[in-house]
> 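Just dropping this structure here.
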Amino acid sequence: MDTNVQKRRENKKSLRVKVISLGNAEVGKSCIIKRYCEKRFVPKYLATIGIDYGVTKVQVRDREIKVNIFDMAGHPFFYEVRNEFYKDSQGVILVYDVGLRESFDALDSWLTEMKQEMGSQANMENIIFVVCANKVDLTKRRVVDESEGKLWAESRGFHYFETSAQSGEGINEMFQAFFSSITDMCENGGKKPTSEVNVGFTKEQADTIRRIRNSKDSWDMLGVKPGATREEVNKAYRKLAVLLHPDKCVAPGSEDAFKAVVNARTSLLKNIN
Ligand code: GTP
Ligand code: MG
């Protein structure tokens, strides 16, 4: 074969991408990357100083992907170092520790920091995000459950994986899905394909599940005032049942939210004449 033709074909098949890791200090970003690239786990905590850089090659279908990984330091102290590295990323690995609620709550502020640093160039739409609910091996100390994490991720069109850098659970699956989505996006001219964008449930459904989860009592759960009448309770119940019925709603946590609403209605009606 003509060497130029061969070269062109090879060029088409190879791809270069940039990914970054984000999340609070000590959630396991570096360990997740190490588990994937070096197949090992280091129990001792060695804080990333500013940023760590590494390159790995992966195969997605008929393409060889050269991945530049920028592993960010989560400590606020290193903000000045990492802020340079947000730009031109095709993929982001967002990590939290399932045993530390504040690391889950911080995900929004990581997105905010990223948006801010990308400035006018900011187009978060065409970046693949994967959320790692990490340290799932430490089951006893878990405080953020799967449906809560999944809901946060999927309502934003992000992938969600339960991972353990210690045992290796979910790590290869997560990276495979991540690189495959990035490749799909690159082959689609740098735009997220519609299959990535479709969430499958509405923002109203996601917000309602979150609200139910955080409600303080049965009145609050149904969204009625304490002392509401039977009609008011039933009306609120019907509205929520239509929105959250597991046959109609695929949002993570909808089944539990629906059950909680049924129970709340039953207990309220018992005490209303
Ligand atoms: P910074 O670099 O400071 O932002 O932290 P990081 O997010 O890179 O955390 P790192 O990967 O260094 O891990 C922090 C600590 O958590 C280390 O002691 C790891 O051994 C431990 N660790 C990481 N992942 C897991 C996991 O899946 N399970 C358990 N049990 N421990 C983990
Ligand atoms: Mg690190």
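Atoms within each ligand, like the ligands themselves, are counted from 1 in listed order. Quick caveat, the model's predicted, so the values are computed rather than measured.
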> Near Asn24, which atoms of ligand 1 are under 4.0 Å from a heavy atom of that residue?
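Near Asn24, meaning under 4.0 Å from one of its heavy atoms, ligand 1 has 7 (O).
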> Measuring from atom 29 (C) of ligand 1, which candidate in Val136, Val98, Asp137, Leu22 has the nearest non-hydrogen atom?
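Considering heavy atoms of Val136, Val98, Asp137, Leu22, the nearest to atom 29 (C) of ligand 1 sits in Asp137.
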> Any side-chain donor-acceptor pair under 3.5 Å between Glu26 and His75?
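Distance-only check fails for Glu26 and His75.
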> Given Ser30, Ser103, Ala47, Gly28, which one has a non-hydrogen atom that is nearest to atom 13 (O) of ligand 1?
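The residue whose heavy atom sits nearest atom 13 (O) of ligand 1 is Gly28.
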> Under 4.0 Å from a heavy atom of Gln166: which atoms of ligand 1 are those, numbered in the order shown and with their elements?
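In order of number, 26 (C), 27 (O), 28 (N), 29 (C).
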> Looking only at heavy atoms, is any part of Ser164 under 4.0 Å from ligand 1, and if so is it the side chain, the backbone, or both, or is it neither?
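Looking at Ser164 and ligand 1, atoms from backbone and side chain both fall under 4.0 Å.
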> Applying a heavy-atom cut-off of 4.0 Å, say which part of Thr48 lies close to ligand 1: side chain, backbone, both or neither.
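The answer is both.
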> Verify the distance criterion only: is there a donor paired with an acceptor across the side chains of Ser164 and Asp137 at less than 3.5 Å?
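Side chains of Ser164 and Asp137: pair found under 3.5 Å.
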> Can you tell me if Pro43 contacts ligand 1 (heavy atom of the residue under 4.0 Å from the ligand)?
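A heavy atom of Pro43 does come that close to ligand 1.
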> Would Glu187 and Arg63 pass as an ion pair if we require N to O under 4.0 Å?
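Between Arg63 and Glu187 there is a salt bridge, with a charged N closer than 4.0 Å to a carboxylate O.
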> Nearest heavy atom to atom 6 (P) of ligand 1 wins, so pick from Lys34, Arg35, Lys29.
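Closest candidate by heavy-atom distance is Lys29.
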> In ligand 1, which numbered atoms sit nearer than 4.0 Å to a non-hydrogen atom of Leu138?
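The list of qualifying atoms is 30 (N).
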> Please list, in number order, the atoms of ligand 1 under 4.0 Å from a heavy atom of Gly74.
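Matching atoms, with element in brackets: 1 (P), 4 (O).
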> Hey, which of Phe178, Trp110, Phe158, Phe161 is the one that makes ring pair (Phe, Tyr, Trp, His ring centres under 6.0 Å) with Phe129?
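Running ring pair (Phe, Tyr, Trp, His ring centres under 6.0 Å) over Phe178, Trp110, Phe158, Phe161 with Phe129 returns exactly one hit, Phe158.
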> Salt bridge or not for Asp52 and Lys29, using N-O below 4.0 Å?
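Here Asp52 does not pair with Lys29 in a salt bridge, since their nearest N and O are not under 4.0 Å apart.
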